[in-house]
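Below is one structure, written out as C-alpha cells, with a few remarks after it.
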Amino acid sequence: MRYWLLKSEPDVFGIDNLAAAPQRTTGWEGVRNYQARNMLRDDFRQGDRAFFYHSSCAVPGVAGVVEVVREAYPDPTQFDATSEYYDAGSTRAAPRWFSVDVQLEKRIEPVITLPELREHAAGALREMLILKRGNRLSVTPLTAAEWQCIVALRPSIASSRATKSTAGSRTRSKKT
DNA sequence: GCCAACGTTGGC
DNA sequence: GCCAACGTTGGC
C-alpha cells in the first residue's frame, strides 16, 4: 500500500464537500498535469491512502485522510465541452486524463497546518515534496515514514479505524 | 495583490 | 531541440 497527498482548493472542493458527498466519495477530477496524471493512472491502487490537503486558502494544511476506492478510469470532465476541464484534444479511444475515486476516512481537526508541517522540515519531513520550494504538483507520493510522522501529529487519526498491519509493506519513493 | 517557481507553448 | 515568453500555482 502506498501513501499520497492530494491537493485541492477548498473554495472549489474542500473536505466539507467530500464529507457531504454520497458515500463520502468523489472522483478526483481535473488533474491536468502529466506527472500527476501518471501517478494517478499507474501507481494508485485500491486501498492506498492519501491526505486531503487544502491549498490556496486561509489555512493551508492537511484536512483529512482518504482511501482510494477505485483505481484509474478516464476523467469524464475531459469529454465535457461545458467543463472547465474539457480537453478537445482527448478522445474516448485514447483518453489523456485519468481520475481515481477516493472516500473520506477521517477528518483531521484541527487541520494540520503548513507551519506545523514545517516544524518537521529539518527532520522526518525533510524530503516531503510539498514543503519544498516551488513544488506545485497536486499529487505527490509520501513515504511510510512521512505518513507516520504526520499521523502522529493528531492522535485522533489513529483511532479512526482498526489498524491494518503494515508490517512488510514498503513504500517506494518515486522520482518526480 | 505580489512574486517566485514551475510547466507549457511556440517560434526558430 | 533550444529557449524565451507566457500562464498558473500557491504561500504570504
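A, B, ... follow the sequence lines: proteins, then strands. Residue 1 opens every chain. All heavy atoms count here, side chains included; hydrogens, waters and symmetry mates do not. Nothing here was measured: the structure is a model prediction, and the numbers come from that model.
- The side chain to side chain donor-acceptor pair (under 3.5 Å) search around A:Arg37 returns none, not counting sequence neighbours.
- Classification of A:Asp87 and A:Arg96 as a salt-bridged pair holds, one side-chain N sitting under 4.0 Å from a carboxylate O.
- For the atom pair CG of A:Leu117 and CG of A:Leu131, the computed distance is 6.0 Å after rounding to the nearest 0.5 Å.
- Listed pair A:Tyr53 / C:dT9 fails the phosphate criterion, with no side-chain N or O lying under 4.0 Å from OP1 or OP2.
- Between the side chains of A:Arg32 and A:Thr77, a donor-acceptor pair is found at a separation under 3.5 Å.
- Across the protein-nucleic acid pair, A:Tyr34 atom OH and B:dT9 atom P stand 7 Å apart, rounded to whole Å.
- To the nearest angstrom, C1' of B:dG7 lies 6 Å from CZ of A:Arg136.
- Between A:Thr25 atom OG1 and A:Glu67 atom CD the span is 9.5 Å, to the nearest 0.5 Å.
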Dot-bracket for DNA chain B, please, read 5' to 3', with Watson-Crick or G-U wobble pairs under 3.5 Å on both distances, ( ) within the strand, [ ] crossing, | other strand, . unpaired. ||||||||||||
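- At the phosphate of C:dT9, neither OP1 nor OP2 sits under 4.0 Å from any side-chain N or O atom of A:Lys7.
- Atom CG in A:Leu137 sits about 9 Å away from atom P in C:dG10, given to the nearest Å.
- In the region residues 111-118 of chain A, proximity to DNA chain C at under 4.0 angstrom, judged on heavy atoms, holds for A:Leu114, A:Arg118.
- The CG-P distance, from A:Leu131 to C:dC12, rounds to 11 Å in whole Å.
- For the side-chain hydrogen bond (donor to acceptor under 3.5 Å, both in side chains) test with A:Trp4, the passing option among A:Thr140, A:Asp43, A:Asp48 is A:Asp48; the others fail.
- The nearest whole Å value for the distance from the CG atom in A:Asn135 to the P atom in C:dG11 is 10 Å.
- The pair A:Arg41-A:Asp75 fails the salt-bridge criterion, with no side-chain N (NZ, NE, NH1 or NH2) lying under 4.0 Å from an Asp/Glu carboxylate O.
- We find that A:Arg154 and A:Glu109 are not joined by a salt bridge, their nearest charged nitrogen and carboxylate oxygen being 4.0 Å or further apart.
- In summary, A:Arg126 and A:Glu146 do not engage in a salt bridge, as defined by a charged side-chain N under 4.0 Å from a carboxylate O.
- With rounding to whole Å, A:Leu129 atom CG is found 18 Å from C:dT9 atom P.
- Nucleotide C:dG10 holds its C1' atom 14 Å from the CG atom of A:Asn33, rounded to whole Å.
- Rounded to whole angstrom, the span from the NZ atom of A:Lys132 across to the P atom of C:dG11 amounts to 17 Å.
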